Amino acid sequence: MSTVHPMSPAEFTGALRGLAHRYWGSHPFHQRMHAGELAEHELKLWAANRWYYQCQLPQKDAAVISNCPLPEIRRVWLDRIIYHDGAVEGEGGAERWLRLCAAVGLDRAEVLDERHVSPGVRFAVDAYVTFARTKPWVEAVASGLTEMFAGHLMQQRVADVLANYSWISRADLAYFTNRIDKVSGEGKDTLDIVVRHCVTREQQEKAVAALSFKCDVLWSMLDAVERAAAKE
């Protein structure tokens, strides 16, 4: 019986990075956003639906911690929950996203009660949280490697939104401007963890599949937002 050898670290990293073309940065909805072609109601729907993803991230990260037996990983991962939830009320990534929602014309109450969240977005995000709760911790970590593709997209988004949507200020984009440097560091740290702990070919292939799944989650979210916007 033949043995399938593990990929080298370089090959494994290349396989993961090879999914970059499936990241949601190339979705037609995002392309139209960057081109300044979204109507106000489309921006509102995008922000309100993306909120559901943002507010679920700490639960996803808590699931990673709960499944991980390694204290050194748990200590590193805990920072992600604090980053999004904030160390105190009124701080954190979630609060910065709510500021963007206000800038595009949404009341805080209508964002928090999730009245604009489409069934497709809810299904995709819930599937992502379930994945983190039910899969081995390193697969859940690997699914978050979309961070590798995010930094440049965020930089471009800030520039394009400021250029094309005059009612949005740089201060309103604090979620992105604050996250650009953070996500670059997290992406490197996450990749190091995955490469270090996925040592068999089976583990490596499952890590690539996990990242592929996450790309599908993000793409499905924008598909759902696009469909919802077309109905208005």
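The analysis underlying the following values was restricted to heavy atoms, covering all of them including side chains, and did not include hydrogens, waters or symmetry mates. Numbers for residues simply follow the sequence, beginning at 1. Quantities reported herein were computed from a predicted structural model and do not represent experimental measurements.
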field: Distance in Å, Arg75 CZ paired with Ile65 CD1, rounded so as to fall on 0.5 Å steps
entry: 11.5 Å
- request: To the nearest 0.5 Å, tell me how far Phe29 CZ sits from Glu37 CD.
  value: 11.5 Å
- request: Evaluate whether atom NE2 of His152 has more than 12 neighbouring non-hydrogen atoms of other residues, nucleotides or ligands under 6.0 angstrom away.
  value: no
Carboxylate-amine/guanidinium proximity below 4.0 Å for Arg122 and Glu114: yes
- request: Before giving the answer on ring-ring contact (aromatic ring centres under 6.0 Å, His included), spell out for Trp51 and Tyr53 the whole-Å C-alpha distance, their side-chain angles and the decisive distance to 0.1 Å.
  value: CA-CA 5 Å; Trp51 162 254; Tyr53 173 74; over 10 Å; no
task: Verify side chain to side chain donor-acceptor pair (under 3.5 Å) between Arg170 and Thr177, making sure each step is shown before the conclusion.
output: CA-CA 8 Å; Arg170 177 170 288 275; Thr177 56; 5.8 Å; no
field: Ion pair check, Glu202 and Lys206, cut-off under 4.0 Å
entry: yes
- request: Could you walk me through whether Arg96 and Glu91 pass salt bridge (charged side-chain N to carboxylate O under 4.0 Å, His left out), step by step?
  value: CA-CA 7 Å; Arg96 287 187 287 272; Glu91 295 182 358; over 6 Å; no
- prompt: Can you tell me how far NE2 of His197 sits from CH2 of Trp137, rounded to the nearest 0.5 angstrom?
  reply: 4.0 Å
message: More than 12 heavy atoms of other residues, nucleotides or ligands under 6.0 Å from CD of Glu72: yes or no?
response: yes
task: Run the numbers on Glu110 and His116 for side chain to side chain donor-acceptor pair (under 3.5 Å), then give the verdict.
output: CA-CA 8 Å; Glu110 67 181 310; His116 300 300; 2.6 Å; yes
query: Would you say the side-chain atoms of Asn178 and Tyr83 include a donor-acceptor pair closer than 3.5 Å?
result: yes
message: According to ring-ring contact (aromatic ring centres under 6.0 Å, His included), does anything in residues 87-110 pair up with another residue at least two apart or in another chain? List the pairs.
response: Trp46-Trp97, Trp97-Tyr175, Trp97-Phe176
field: Cationic N near anionic O, under 4.0 Å, Arg108 to Glu95
entry: yes
- request: Would you tell me whether Asp216 and Tyr128 have side-chain atoms, one donor and one acceptor, within less than 3.5 Å of each other?
  value: no
Single-linkage hydrophobic cluster Val88~Leu98, side-chain heavy atoms < 4.5 angstrom: no
task: Would you mind checking if Lys44 and Glu40 are paired as a salt bridge, meaning a charged N to carboxylate O distance below 4.0 Å?
output: no
- prompt: About how many Å separate CG of Leu38 and CZ of Arg32, when rounded to the nearest 0.5 Å?
  reply: 5.0 Å
- request: Take Glu147 and Arg80 through the test salt bridge (charged side-chain N to carboxylate O under 4.0 Å, His left out) and record every step on the way to the result.
  value: CA-CA 12 Å; Glu147 295 164 351; Arg80 293 166 181 259; 2.3 Å; yes
task: Before giving the answer on side chain to side chain donor-acceptor pair (under 3.5 Å), spell out for Ser220 and Asp223 the whole-Å C-alpha distance, their side-chain angles and the decisive distance to 0.1 Å.
output: CA-CA 5 Å; Ser220 296; Asp223 279 349; 5.2 Å; no
query: Do other residues, nucleotides or ligands put more than 12 heavy atoms under 6.0 Å from the NZ atom of Lys60?
result: yes
task: Please report the C-alpha distance between Asp192 and Lys188 in whole Å, then the side-chain angles of each, then the deciding distance to 0.1 Å, and finally whether the salt bridge (charged side-chain N to carboxylate O under 4.0 Å, His left out) criterion is met.
output: CA-CA 6 Å; Asp192 289 344; Lys188 182 181 184 304; 3.2 Å; yes
